[in-house]
Amino acid sequence: MSNLKNIISQFVSDTDESKLNTITKEFFGISFGEFETKYYLPNKSPFQKKINFEKYERLDFDSFPSQKGMNVITDYIIYCNNINYTTYIENNIAKNVEQAKKINNGILDQLSLMLMKFTYRTVVYDINKKKSQNLFHSTSKEDQFKEYLRNFQYNENLIDFVKNYHSLVQNLENYLLQLHKNILEFFKNFSNDMSLLSEKFGISHKNLKSINLAQGDLHNQGKMVIQCKYEKESIFYKPRNGNIDLLFSNLLSFFNNKTNHELKTTENIIRNGYFWVKGINYKECDDKDDVSNFYHELGVILAFLYLFDATDFHADNLIACGKHPVLIDLESLIGNRKLKKFTDATDVNRYLLSSSVKSTGILPFIFGDNESSDVSAIGKKGETQSSIKVPKMKNIGTSNIEVVSEYINIDSSKNHPKVEGKYVNSELYTSDIKRGFSIAYEFILKEKKNILKLIDKDSTNLFLRHINKPTMFYANLINLSYHPMIMQNIALRDFFIASQLFQEKNKLVNEEFKDMIHSNVPYFSYNINSKTIIHHSLTKYENYFNTSAFDSIQKKLKFLSNVDKEKQLTFIENSMLRSTLINEDKERNYNIKNYDFILNSNSQKKFKKECFDSIINEIESKITNHQIKYKNTYSWNSGMLYGTGSKKTYHDIIMTENLYDGLCGMAFYYYSLYLYSENNDYLIKTENIINNIRNYTIENSNLPIGAFEGVFSYVYLCGLLYKCTLRTHYLDECIRIINLFKDKLNEDNTNDFISGNAGILTVLINLYTYIETDVYKDILYDAIKICVNRLYKNKVEISTNKITWEFVNNQHLTGFAHGNSGVCYALKLYLEKIEYSSKIQQLIKKADNFEKSFRKGDLWVNHNKNEEAPFAWCYGSPGILLNKSMNYNDKHDNIKIVKEILAQGFSRTQCLCHGDLGNAIILTNFIEKEKLNHILYDILREKTVEDLQCGIGVPKIQNFSLMTGLSGISYGLMYMLKDNIPNILRLEI
């Protein structure tokens with residue numbers, strides 16, 4: 001393998017010759033071998049002008065001012081390229097030479113920092129290299145760092161740095177010259193427009209305090225937003241078409257005039273290819289009425305953003321100006337997407353969710369991998385952490401300096417209202433947002449024609465930005481391309497960027513590549529009437545979109561309805577449910593009732609089955625009304641909490657394929673409806689859902705494997721349908737998945753009943769005991785043995801008499817779904833249904849001992865010691881009782897546990913996983929269904945469907961999921977009324 005291939009193998013997983021050739025032919029038009037000879041060996045780039053390094057050995061080096069700190073290197077590059085604006089500023093802007101020098105020095109300092117963001121990795125590398133070579137005279141880490149910087153006071157050391165890292169310097173110089181060119185263009189436009197700016201914005205240029213660069217990302221060969229800061233005001237120079245900003249101002253003015261509102265917009269001066277906007281100052285609200293008005297107006301704005309399929313309106317694009325929210329940076333106001341053809345209802349649902357109010361960026365959401373980071377326009381409040389880990393320097397000021405990836409603190413943005421210096425709780429103003437949204441939505445319905453006329457008025461000059469990939473993706477890749485390993489060679493950096501874009505290949509990838517080589521975030525635009533995408537280089541991609549953005553707006557206007565308005569209002573309500581309104585101490589809100597008297601009750605009083613039937617029917621109607629149907633496929637929304645502590649947010653999500661809260665769960669629900677009602681339509685619907693899921697499983701070995709949260713959800717449903725219909729293709733599907741995932745079974749370290757081998761083992765055993773074909777039984781038996789052996793191998797010996805397994809986050813947990821009891825149950829089922837093993841018998845005994853050690857009286861303490869003892873299938877005594885029910889000698893003890901569950905285990909939620917229906921199903925092993933139905937009737941008799949408590953941790957929100965939602969509650973009632981329905985908590989077939 002060549003030296004180049006060795007280096008490439010560190011950032012490209014597959015260095016197969018054909019792949020390398022494909023990359024170089026795509027981006028460089030030559031083979032990999034030609035690339036190595038033509039560009040890598042001579043260390044040159046076909047995309048960047050080679051620089052003259054002689055300028056860095058200037059004779060007048062002594063005039064370079066002595067600098068302190070790491071920026072001495074980037075200051076030197078700026079100095080050697082004669083970048084200075086003092087004369088221009090003095091002659092055209094400043095009132096005296098001192099002011100001119102101050103503004104110029106501020107610009108140069110910013111340029112130095114902009115270069116340093118690409119330089120610091122190499123500086124850290126250089127320091128550590130010198131340290132490893134013992135080149136420092138000093139001994140302490142602090143003195144070595146000072147010595148390193150002090151050496152740059154001598155010109156030969158700076159020149160040596162330039163020579164040693166000439167690839168870096170060449171990239172930095174090209175980047176600097178881009179910036180310089182655009183700063184000169186800014187000054188030219190600023191000079192031409194000075195009188196217009198003074199007249200329109202009422203500013204005196206003699207009071208200019210500073211010019212601030214790069215307010216946002218760099219595009220189009222170094223174009224950037226530039227701020228001119230005065231004593232009290234600011235104006236912003238934006239080098240792009242500004243007609244979209246003008247349109248939004250006109251639209252809100254039209255709304256204000258028609259509805260007697262006072263929404264505030266930016267003041268703009270639109271020029272050819274650029275525009276000026278007067279800065280919006282952050283102001284606090286005077287009182288709660290102002291806050292209420294702020295969120296009411298934000299609801300209005302949200303309705304227009306929804307109409308336009310707007311995206312990217314996060315915290316930095318909103319300014320709280322007293323009682324008025326003001327949007328800035330409107331280039332992505334009107335969205336248009338390259339849509340693929342829908343294949344099923346999930347595709348349709350995904351599209352509907354992605355074009356809902358949730359996609360605008362206004363409503364609270366978690367972005368990235370930091371679950372405490374909310375960057376939304378509403379959600380971000382004060383100083384926060386970055387949404388992903390980013391590179392930063394650590395141990396600055398010492399020779400131990402290094403680059404690490406960490407979440408970093410981000411300064412407060414100006415999006416969130418304050419009263420008397422304190423941030424308000426936005427969730428308390430949800431009704432104001434919804435009211436504003438409703439008013440604007442109804443206005444849009446009424447004024448459709450006039451809104452279209454307003455948009456169409458100057459549409460030929462209306463250009464919008466297309467965000468092909470998240471800006472963060474581009475920024476991170478550019479940053480990584482300056483890693484010292486890659487920057488040792490200019491051609492290698494070109495190849496690195498190409499190789500990473502190749503993994504995300506799309507139609508625009510070559511233009512993305514050209515921009516990123518020059519450290520620019522790719523920029524694409526399109527006219528509102530066109531399907532064509534335009535790159536700033538004037539490269540055009542005809543018919544890139546399926547339809548024009550203007551046509552998309554027309555379609556959206558036809559789509560709007562009262563039904564849709566209510567759906568969007570629900571999304572708003574859900575998104576605004578923050579943890580300050582989600583009572584963490586749930587026990588105080590529950591009306592726990594002691595039902596242990598039921599054990600000795602001889603009452604012949606009949607519960608009212610009609611109550612249960614009514615709930616079953618109403619749930620079915622509600623689920624049907626909320627389904628998305630497309631070509632005999634179905635989809636629903638689900639939801640979950642994201643984040644930690646006080647920063648939890650609720651997210652509406654689309655159902656995946658699993659059993660716990662996905663489409664297999666819905667298939668199981670409809671299968672149960674079929675068994676309960678004997679209505680064949682429900683069986684047909686079940687089969688349609690399963691046949692659709694099959695498309696996701698074919699040759700997809702990357703799926704998770706669990707029985708509740710993985711591909712064995714599908715196996716379980718296929719097993720049920722085979723039993724019901726005797727159609728052999730369902731059994732064939734079971735065997736196909738088992739064979740496809742055999743290796744994964746043998747590698748599983750998840751262990752538990754929900755996601756790991758315990759649940760899978762239970763499905764396999766239940767399927768094995770039903771089928772009769774020897775060939776299939778042999779395959780199932782082999783898979784069963786793999787699961788058993790894996791569970792045995794994964795055991796963790798706590799002591800000589802206690803054994804458990806590692807579960808979520810490598811914890812040793814009690815309980816059924818995620819803990820010890822679920823594994824024990826599966827292994828006991830193996831001994832009972834498959835074969836006896838003394839080794840497994842001993843394993844189970846020691847595992848049961850582990851569970852016993854957490855018992856307190858007749859209940860179990862939670863694995864989280866700060867919470868009340870749980871009473872649920874997933875955690876706590878009901879699930880553990882399910883395991884103990886397999887021990888025939890524990891009958892007397894089990895009744896004691898039953899009494900404790902009856903006394904404390906009902907009237908929290910009604911769901912299967914950790915609620916009344918789950919507990920009732922478990923207790924059917926010990927108590928007659930009739931008696932348990934009395935308990936359920938007592939809980940449900942005064943409830944409507946809307947009153948039912950689902951189990952996702954938010955009292956106000958319901959979902960349709962099997963284990964935590966309405967479909968599971970309905971299934972539970974059907975199970976309690978009829979004996980032919982399988983027990984999902986045991987994964988019965």
*If you count the non-hydrogen atoms of other residues, nucleotides and ligands that lie under 6.0 Å from NZ in Lys845, is the total more than 12?*
no
Checklist line | Asn637-Asn349 side chain donor-acceptor pair, cut-off 3.5 Å | finding: yes
Would a line drawn from the ring center of His818 to the ring center of Phe753 be shorter than 6.0 Å? no
| task | Classify the ring geometry between Phe850 and His812 as parallel (under 30°), tilted (30 to 60°) or perpendicular (over 60°). | result | perpendicular
_Check this for me, if you would: do Arg908 and Asp916 make a salt bridge, where the nitrogen-to-carboxylate-oxygen distance has to be below 4.0 angstrom?_
no
- May I ask you to check if Lys593 and Phe906 form a cation-pi contact, with NZ or CZ under 6.0 angstrom from the six-membered ring centre and within 45° of the axis? no
With a 4.0 Å cut-off on N to O distance, would you call Asp848 and Lys884 a salt bridge?
no
Rounded to the nearest 0.5 Å, the CE atom of Met963 sits from the OH atom of Tyr971 at a distance of 8.5 Å
Could Asp890 and Lys896 be called an ion pair, given the rule that one side-chain N must be under 4.0 Å from one carboxylate O? no
Parallel, tilted or perpendicular for Tyr768 and Tyr781, by the 30°/60° rule?
tilted
Below 4.0 angstrom, N of the basic side chain to O of the carboxylate: do Arg736 and Glu733 qualify? yes
Relative to each other, are the rings of Tyr630 and Phe342 parallel, tilted or perpendicular (30° and 60° limits)? perpendicular
Report task. May I ask you to test the Cys734-Cys718 pair for a side-chain heavy-atom distance under 4.5 Å? Result -> yes
Considering only heavy atoms from C-beta outward, does the side chain of Tyr714 approach that of Tyr696 to under 4.5 Å? no
Exercise. Under 3.5 Å, is there a donor-acceptor pair between the Gln958 and Lys622 side chains?
Worked result: yes
Side chain to side chain donor-acceptor pair (under 3.5 Å) with Asn794: of Asn751, Asn789, Asp748, Asn757, only one passes, and it is Asn751
Cation-pi, Tyr634 ring and Lys629 (6.0 angstrom, 45 degrees): no
Please tell me whether Asp661 and Ser638 have a donor and an acceptor in their side chains that are separated by less than 3.5 angstrom. no
Exactly one candidate in Pro870, Ser821, Ser877 meets side chain to side chain contact (heavy atoms under 4.5 Å, CB included) with Trp860; the answer is Ser877
With a cut-off of 6.0 Å (strictly less than), are more than 12 heavy atoms of other residues, nucleotides or ligands near NZ of Lys891? no
For Gly918 and Leu985, the nearest pair of non-hydrogen atoms, with its separation, is O-CD1, 3.5 Å
